[in-house]
Structures are given as C-alpha cells and as structure tokens.
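All remarks here apply to the structure that follows.
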Number of protein chains: 2
Amino acid sequence: MKATFGEYIKQLRVCKGFTLTQLAFQLGLDSANLSKIENGKREFDEKRLEKLASTFNLDIEKLKTEYFADQFAKKMYQYNCSPETLVVAEEKVNYLKKVNVKQGKIKFEDEK
Amino acid sequence: MKATFGEYIKQLRVCKGFTLTQLAFQLGLDSANLSKIENGKREFDEKRLEKLASTFNLDIEKLKTEYFADQFAKKMYQYNCSPETLVVAEEKVNYLKKVNVKQGKIKFEDEK
DNA sequence: GCTTAATTTGTCAATTATTGACAAGTTAAA
DNA sequence: TTTAACTTGTCAATAATTGACAAATTAAGC
C-alpha cells in the first residue's frame, strides 16, 4: 500500500461501488468533507477508524498502521525530515515502553 | 539519544547551567511553561526549534530529527501502534516524493 | 445536445485544542 | 527560614479543526 490514506479510502469505496454520499453516511460525515479527505484536503478523524474498519471489514490494526504511517509520512514530507527520523522514532518508542514498565503509566491528556 | 524531547532540553539546559527562567527568556516563553515542556506536560512548539538550536549551538537538522521522532514515538506509544507503522511510513514518504516529482508540489495548508 | 447524479470547492460559524500568562504551590540549597 | 528554582493549576486568548451548507464542476445516461 503506497497511496495516501485518502487515496486508500477512495480505493475501498470505489471498489465496493459506494458513492461519497453513501460512505459518508456510514461514517457519519458530510459527502463534501469525505471528498476533501479522499483528496488530501482534510484529515480523517481517528475516532472514525473503527467505523471505517467495520464498513469494509478490515483489520483495525492494519488500518491504524496505514493511518498513522500516513500522518507521519505527511509530516516528514512537509518538514523535509531526514529518513533517520524514523529510526530515532523507533528507539524512542522502545524508550517510552521501557520507562513505562519501570515507572508505571505515562499519562496522555486524553486518559483520565 | 533515547530520552524524550523534553528530557533532552532539560539535559542541555542543566549542562550549560541555565535556570528555567534564563532559557525560557531565550526561547521567548514562560518559565512555568518550559517546565511543563521539560516534564512532558506540554509540547515544544516547532517554531522555536531554530532558537533552541542557536542557543545551544546545535545542528538544526539533528534537532528536527529528535523533535519529530519524539512526536511520532509519543503517538505510537499512545495509540499502541505496531512497529510496522514506521516501515509503512517510510514507504509513504517515498511515495509522496515520487508523486511530487511527477505532478509538482503538493501543497500543505501553511504554504501559500 | 439536456438532465440528473456524483463529486469538488469555497466559505464560515461552531467546536475543540493549544498557548501564554500569572498565581500559588512545592522543593532544594544556603 | 529565607530565597531562588522549579512545579502545578487555572483560565482567557488565540489558533486549528470540524461540520454544514451552497455553489460550481464533472461525468454518465438518455
């Protein structure tokens, strides 16, 4: 899968023969906005990933991978980050996990 | 460098013997907020990367790498993304670059 | 051609998130 | 116990994102 997340959604949609309006309804948004999402002019909201997965019967984990990879790639491209960035990111994920095990949960804003 | 970006800033600051107030002044923010940044309770604003680099005489590219890697890692950790995500991200960066060469600039919101 | 559905684009108010600022609290060193 | 350093809480101001609708364009069928 080399396409952007928007292109990916469009692919899924067209493949199943849905119109924008139909899919937008499933996802609980406006067809105009779905169009923008498909064309990379708006972001897909993370909270709709589950609905997207169930609509197309996709593995939610794979979908998350596509989704976040897309976000990272866009940032990298936009800010012209070195490829090294992803290597360092991997180290940092491991660091966070290790610290987490040692010290207990690191809380993010959206956790209670 | 395995630490978070906040820990990294603190390291730099303490190493040079600066107080929060001193560094905060250099960066144009409040010492209370810098404290939060160092402790991971607020995000460092991308627009201050240059100032941070010049204050500590750091290579801006390396700093960017640290900075964005930190952001990606936090998201990965927060949403429990598979490690695969970073591999896919790399593919997608290449895809974006290729598409860009073929079709001309992809514009982001903050470009004119 | 004409008609109608599908898609895209523009705009904007409303919601939501982020920031800057300051006060009040705690910790640490002398 | 005083003074500086740091941390935490709060909140208004600012900024970013979203949802919604109208209008414009494109595509398909007749």
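Since the model is a prediction, treat every value here as computed from it, not as a measurement. Naming convention: chains lettered A, B, ... in sequence-line order (proteins, then strands); numbering from 1 in each chain.
One distance of note links CZ of Arg48(A) with CG of Leu29(A); it measures 4.0 Å at 0.5 Å rounding. Rounded to the nearest 0.5 Å, atoms CD (Gln11(A)) and CZ (Phe56(A)) are 11.0 Å apart.
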Between the protein and nucleotides 11-14 of chain C, list every N/O to N/O distance that falls short of 3.5 Å.
from    : atom 1 : to       : atom 2 : distance (Å)
dT11(C) : O4     : Lys36(A) : NZ     : 3.2

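In this structure, Asn39(A) atom CG and dA6(C) atom P are separated by 17 Å, rounded to whole Å. Remark: P of dA4(D) and CZ of Phe25(B) are 19 Å apart, rounded to the nearest angstrom. Spacing between atom CD of Glu43(B) and atom P of dA15(D) amounts to 19 Å, rounded to whole angstrom units. Rounded to whole angstrom, the span from the CG atom of Asp30(B) across to the C1' atom of dA24(C) amounts to 13 Å. As a whole-Å value, the separation of Leu20(A) CG from dT26(D) C1' is 13 Å. Residue Leu29(A) contributes atom CG, which lies 14 Å from atom P of dT8(C) at whole-angstrom precision. dT19(C) atom P lies 11 Å from atom CD of Glu46(B), rounded to whole Å. Gln22(B) has its CD atom 7 Å from the P atom of dA5(D), to the nearest Å.
Comment: Glu66(B) engages Lys92(A) in a salt bridge, judged by a side-chain N to carboxylate O separation of less than 4.0 angstrom. Ionic pairing of Lys36(A) and Glu43(A) is not present here: no N-O contact between side-chain nitrogen and carboxylate oxygen is shorter than 4.0 angstrom.
At the phosphate of dG20(C), OP1 or OP2 sits under 4.0 Å from a side-chain N or O atom of Arg48(B).
Results of the side-chain contact (heavy atoms from CB on, under 4.5 Å) test with Lys75(B) over Tyr77(B), Phe72(B), Tyr79(B) single out Tyr79(B) as the only residue that passes.
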What do the steps show when you test Glu61(B) against Lys64(B) for salt bridge (charged side-chain N to carboxylate O under 4.0 Å, His left out), and what is the final call?
-> CA-CA 5 Å; Glu61(B) 284 308 314; Lys64(B) 264 172 57 188; 3.5 Å; yes
Check the pair Glu91(A), Tyr95(A) against side-chain hydrogen bond (donor to acceptor under 3.5 Å, both in side chains), reporting the backbone distance first and the verdict last.
-> CA-CA 6 Å; Glu91(A) 288 171 14; Tyr95(A) 174 75; over 6 Å; no
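For the residue pair Tyr8(B)/Glu38(B), the side-chain donor-acceptor check at 3.5 Å is not satisfied.
For Asp45(B), the listed nucleotide lying nearest its side chain is dT19(C); candidates were dA20(D), dT7(D), dT19(C). With dA6(C), dA22(D), dC22(C) as the candidates, the nucleotide lying closest to the side chain of Ala32(B) is dC22(C). In the set dC6(D), dT7(D), dT8(C), the nucleotide with an atom closest to the side chain of Glu38(B) is dT7(D).
Taking 4.5 Å as the limit, some side-chain heavy atom of Ile9(A) sits within range of a side-chain heavy atom of Leu23(A).
Among the heavy atoms of the strands lying under 4.0 Å from Ser35(B) is at least one base atom, whether or not backbone atoms are also near.
The end-to-end axis angle of the helix from dG1(C)-dC30(D) to dA30(C)-dT1(D), rounded to 10 degrees and based on five pairs per end, is 40°.
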